[in-house]
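Comments concern the structure below.
In the text below, chain A, chain B and the rest are named by the order of the sequence lines, each starting its count at 1. For the numbers below, each heavy atom of this structure counts, side chains included, while hydrogens, waters and symmetry mates do not.
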There are 2 protein chains.
Amino acid sequence: MFRRVADVFEALAAPTRRAILDELTDRDGQSLFELCTRLTMKHGLAMSRQAISQHLEVLEAAGLVTTRREGRCKLHHLDTAPLRSIFERWPVEGLKGTRR
Amino acid sequence: MFRRVADVFEALAAPTRRAILDELTDRDGQSLFELCTRLTMKHGLAMSRQAISQHLEVLEAAGLVTTRREGRCKLHHLDTAPLRSIFERWPVEGLKGTRR
DNA sequence: AACATAGGCAAGCTACGACTTGCCTGTCAA
DNA sequence: TTGACAGGCAAGTCGTAGCTTGCCTATGTT
């Protein structure tokens with residue numbers, strides 16, 4: 001699975017995926033079920049397990065989420081490094097690390 | 001027209017709109033026709049004038065592009081300020097200006 | 001006036017993304 | 001080894017984003 005720049009933007013396009021990133025920011029290393037319950041509770045999202053799973057695939061393909069097997073659980077970790085490509089592409093005033 | 005945070009992400013989701021931002025970064029204040037020709041030349045995009053126009057509407061709704069009437073021309077200007085909300089939402093290492 | 005240029009409006013097509021449903025696999029505990 | 005728990009796979013539905021096409025308005029030029 002390749003990691004194109006476009007993948008990052010497309011991954012961020014869906015509100016549910018942004019909520020997942022929020023959730024992982026709040027508490028890193030959650031399992032699929034953990035994410036499902038917390039998304040339902042805190043974000044009011046009522047979605048199937050598969051829906052979340054598919055979103056996680058997209059996030060992983062974009063490099064925004066990395067996974068780690070732990071027994072029968074799959075733990076998800078946040079990685080915001082790909083976000084840097086956004087600032088590197090367009091200059092944002094008052095933000096260090098941008099160029100061009 | 002409201003300006004929600006979600007609008008920024010959705011605006012960035014389409015490759016054509018990102019190309020438009022690139023083009024405006026290269027040369028700010030272009031008219032619709034100017035953008036059309038330059039997108040076709042430099043980015044190899046062969047799209048109708050309406051397509052570009054509609055993309056510009058989305059970008060303007062997101063606050064990433066501002067417009068200014070000049071006679072019969074409508075000039076488009078880049079504004080990357082809304083991009084800051086991305087870094088304010090998730091911490092990006094090595095990037096000043098992020099919080100949380 | 002007539003014509004060209006720059007853009008807007010509205011309806012319609014089409015492909016793809018977001019979700020669901022149903023069933024199957026793998027791991028751990030009793 | 002039987003059952004519960006955590007997750008994967010595949011097919012199918014549905015809405016909407018991204019385009020196009022056709023026609024209309026406004027500004028500028030000759």
Rounded off to whole Å, could you give me the CD-to-P distance for the B:Glu57 and C:dG8 pair?
7 Å
Of residues 47-55 of chain B, the positions that come close to DNA chain D - non-hydrogen atoms, cut-off under 4.0 Å:
B:Met47, B:Ser48, B:Gln50, B:Ala51, B:Gln54, B:His55
Starting at atom CG of B:Leu35, determine the distance to atom P of C:dT5, rounded to an integer number of angstrom.
19 Å
Does D:dA26 have OP1 or OP2 sitting under 4.0 Å from an N or O in the side chain of B:Lys74?
no
Touch class at under 4.0 angstrom, heavy-atom based, for A:Ala14 against every strand present:
sugar-phosphate
Cluster check A:Val58, A:Ile52: I/L/V/M/F/W/Y, side chain < 4.5 angstrom
no
Check step by step if side chain to side chain contact (heavy atoms under 4.5 Å, CB included) holds for B:Leu24 and B:Leu35.
CA-CA 8 Å; B:Leu24 286 179; B:Leu35 278 168; 4.1 Å; yes
Quick check: do A:Leu32 and A:Arg49 have side-chain heavy atoms less than 4.5 Å from each other?
yes
Rounding to a whole Å, what distance do you find between A:Ile20:CD1 and C:dC19:C1'?
13 Å
Can you tell me the distance, in whole Å, between the CG atom of B:Leu56 and the P atom of C:dA6?
16 Å
Can you measure from OG1 (B:Thr25) to CD1 (B:Ile20) and round to the nearest 0.5 angstrom?
11.5 Å
Strictly below 4.0 Å: does B:Thr16 bring a side-chain N or O up to OP1 or OP2 of D:dC19?
yes
Take the protein atom CZ of A:Phe33 and the nucleotide atom P of D:dA6, then report the distance between them rounded to whole Å.
6 Å
When the distance from CD of B:Glu10 to P of C:dA18 is rounded to whole Å, what number comes out?
10 Å
Between A:Asp26 and A:Arg38, is there a side-chain heavy-atom distance shorter than 4.5 Å?
yes
Hey, can you pull the donor-acceptor pairs under 3.5 Å for the side chains in residues 9-17 of chain B, sequence neighbours left out?
residue: B:Arg17; atom: NE; partner: B:Ala11; partner atom: O; Å: 2.7
residue: B:Arg17; atom: NH1; partner: B:His55; partner atom: ND1; Å: 3.1
residue: B:Arg17; atom: NH2; partner: B:Glu10; partner atom: O; Å: 3.0

A:His76 vs A:Leu59, test: side chain to side chain contact (heavy atoms under 4.5 Å, CB included). Steps then yes/no.
CA-CA 10 Å; A:His76 301 81; A:Leu59 288 170; over 6 Å; no
To the nearest angstrom, the CG-P distance between B:Leu12 and D:dA17 comes to 16 Å
Evaluate side chain to side chain contact (heavy atoms under 4.5 Å, CB included) for A:Leu64 paired with A:Asp7, printing each intermediate quantity in order.
CA-CA 10 Å; A:Leu64 289 164; A:Asp7 291 334; over 6 Å; no
Using nucleotides 26-30 of chain C, report all nitrogen or oxygen pairs with the protein that are shorter than 3.5 Å.
residue: C:dT27; atom: O2; partner: A:Arg72; partner atom: NH1; Å: 3.4

Could you tell me how far apart B:Gln30 (CD) and C:dA6 (P) are, to the nearest whole angstrom?
14 Å
Report the C-alpha distance between A:Asp22 and A:His43 in whole Å, list the side-chain angles of each, state the deciding distance to 0.1 Å, and finish with yes or no for side chain to side chain contact (heavy atoms under 4.5 Å, CB included).
CA-CA 10 Å; A:Asp22 287 339; A:His43 299 258; 4.2 Å; yes
